[in-house]
Number of protein chains: 2
Amino acid sequence: MKIDPDSAADLSAQIAEAIRSAIVSGELNVDERLPSETELSDHFSVSRPTVREALKRLAAQSLIRTQRGATGGAFVNRIRYQDAYADQVTNATLLLSMNQISFDTACEARFALERACARLAAARRSADHLATMRAEIHRQSQPGLTDEAFCASDVTFHRALVDSAGNPVLSYQLAGAVEAMQPLMNMITFSARDRARIVALHTRIADGMEAQDDVAVSRGLSELEDETRALATSVFAARAAKP
Amino acid sequence: MKIDPDSAADLSAQIAEAIRSAIVSGELNVDERLPSETELSDHFSVSRPTVREALKRLAAQSLIRTQRGATGGAFVNRIRYQDAYADQVTNATLLLSMNQISFDTACEARFALERACARLAAARRSADHLATMRAEIHRQSQPGLTDEAFCASDVTFHRALVDSAGNPVLSYQLAGAVEAMQPLMNMITFSARDRARIVALHTRIADGMEAQDDVAVSRGLSELEDETRALATSVFAARAAKP
DNA sequence: AGACATTTAAAAGTCTGACAAATGAAAATT
DNA sequence: AATTTTCATTTGTCAGACTTTTAAATGTCT
């Protein structure tokens, strides 16, 4: 692990990168303890605050955790599924909100990915997953539900669908696509008739899951995609007409 | 933006979280300048080093950038596709290498996702993408290619396929699945016969793309999945037999 | 007046040295 | 032997100073 004091980059960034690559390459193993901050500042010939800034960068990426006390120090983290998942959602949300990604593009990607899970999900769905989907459909049918609650329930429904595939990698990848769209979906006002159509499609999808009929699930998702895009188009058009 | 000095968490973590949520919620806009470090340390009643540690956490996530000089300071970053992409690949790689995710699970997810792109990719593929795929197939046919180079070419081929869909969200999501598997693939030794079979399947996929026949592409991907998994199984079995 | 050089102020980057708080291990006491 | 106390180690935080970078303001010359 070496750094170049003459480089243009910040020292703390260089040090963070040196340690990060040692972790990613496997040079440092999970739960292994890094040298103390004093030792690191000695090794890199910088002050302790500089080392600390570097360590904070790594902590922000959940690559290390720190612990105080006599046997404390910085330890290499096992990347937890939960952390990576949260990161994934944050990143995807910001990408969608800050950049010029249209609702249509996001919607297209989301449903394409979701259909990718259809076959596995239909084949492997558990009674639990099915029950969750039914329960969310029931909730979505309740009158007086706010649009936000309706959207949140929608996300839960689709997460149950994705999780049914029983593949953690798929669940992880889909997290971004499904949850990142929630802020966009929240901008939509759902009329009673809109909700009825969505609930009907959800029911068809759940029926397909129950029958383990992946083609039906896939078809339901495609129709839901069309419905969602049409809804968004009309909402955005109406909003553009009278600001 | 407030913090609780009595909380168990580090002050720098709390401050980072306060600013982060201001950014994600849109309270702070892209390219907006944050207060100077001195002002922030005043506002939160902490020292400047503590504020700096918080800012480094955010910088590590590419949420802000800092600039020195008279008009310098910390600015809210527009999340660049490239940064999010790199982050996505790092996270996915660590998840796969550090946790108990089997080759089969990763492989299943990857090809399911890739098939999700097939229809759009076949419909929208440009001449450029097709040319890239053909060129990589040609490279893969060269004798004397190292296994690493073969894998790298494989990644390029599949990235071209995914990018053909013309949907940046799909490209982003797939990045993790495809590139994170490269280290796993690199553990495989490809015999000449293995390579020939893979090249044949790649050719069928490229032919399907040229004919804009998404069913053929999808079928090609499924067969490639079977081939890859069988290959991995035999390699791992052989490795287990004689260590 | 306009172009160029100089000064200056603001801000991040870094360093030194210190103290506080947490924590586990060793030593002392009961 | 069990419990309490002490102690060394390590991270967390602070204060203050100095350096470097940067751009704007100022001054100077043509």
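Chain A is the first sequence line, chain B the second, and so forth, proteins listed ahead of strands; every chain is numbered from 1.
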Between [X] and [N], is there a side-chain N or O to OP1/OP2 distance below 4.0 Å?
X       : N      : value
A:Arg52 : D:dT11 : no
A:Thr66 : D:dG12 : yes
A:Thr38 : D:dT10 : no

Protein-nucleotide distance ([X], atom [atom1]; [N], atom [atom2]), rounded to Å:
X       : N      : atom1 : atom2 : answer
B:Glu53 : C:dA12 : CD    : C1'   : 15 Å
B:Phe44 : D:dC14 : CZ    : P     : 13 Å
B:Leu58 : C:dA12 : CG    : P     : 14 Å
B:Leu55 : C:dA11 : CG    : P     : 14 Å
B:Ile64 : C:dA12 : CD1   : P     : 10 Å
A:Arg65 : D:dT10 : CZ    : P     : 17 Å
B:Asp42 : D:dG16 : CG    : P     : 12 Å
B:Asp10 : D:dT10 : CG    : P     : 18 Å

Problem set entry | Minimum-distance nucleotide (side-chain atoms of B:Glu37 versus C:dG13, D:dC14, C:dC15) | C:dG13
Exercise. For A:Glu39, what residues pass the side-chain contact (heavy atoms from CB on, under 4.5 Å) criterion, not counting sequence neighbours?
Worked result: A:Pro35, A:Ser36
Exercise. For A:Pro168, which residues count as a side-chain contact (heavy atoms from CB on, under 4.5 Å) partner, sequence neighbours excluded?
Worked result: A:Tyr81, B:Thr105
Seminar exercise, completed: Double-helix bend of the helix from C:dA1-D:dT30 to C:dT30-D:dA1, axes at both ends from 5 pairs, round to 10°, gives 10°
Taking salt bridge (charged side-chain N to carboxylate O under 4.0 Å, His left out) as the test, write out the residues that go with [X], two or more places apart.
X        : result
B:Arg125 : none
A:Asp104 : A:Arg229
A:Asp42  : none
A:Glu17  : A:Arg20

Problem set entry | Check: B:Arg78 and A:Leu94 side chains under 4.5 Å, non-hydrogen atoms | no
Exercise. Do B:Leu11 and B:Phe44 come close enough that some side-chain heavy atom pair is under 4.5 Å?
Worked result: no
Problem set entry | Spacing of A:Gln88 atom CD and A:Gln173 atom CD [to the nearest 0.5 Å] | 6.0 Å
For nucleotides 3-5 of chain D, print each protein N/O atom paired with a nucleotide N/O atom at under 3.5 Å, atom names and distance only.
none

Problem set entry | Under 4.0 Å protein heavy-atom contact, by nucleotide of nucleotides 18-26 of chain C - B base, S sugar-phosphate only | B--SBBS--
Look for any protein N or O under 3.5 Å of an N or O in nucleotides 4-6 of chain C and output each such pair with its distance, or none.
none

Exercise. Sub-3.5 Å donor-acceptor pair from the side chain of B:Thr156 to the main-chain atoms of B:Ala152, do we have one?
Worked result: yes
Exercise. Are any side-chain N or O atoms of B:Ser41 and backbone N or O atoms of B:Glu37, one a donor and one an acceptor, separated by less than 3.5 Å?
Worked result: yes
For this session: Could you check B:Arg33 against A:Pro49 and say which one's nearest nucleotide on DNA chain C is further toward the 5' end?
Result: B:Arg33
For this session: Applying ring pair (Phe, Tyr, Trp, His ring centres under 6.0 Å), name anything that partners B:Phe157, two or more places apart in sequence or on another chain.
Result: B:His202
Problem set entry | Contacts of type ring pair (Phe, Tyr, Trp, His ring centres under 6.0 Å), residue B:Phe150, not counting sequence neighbours | B:Phe190
Exercise. Salt bridge between B:Glu32 and B:Arg65, side-chain N to carboxylate O under 4.0 Å?
Worked result: no
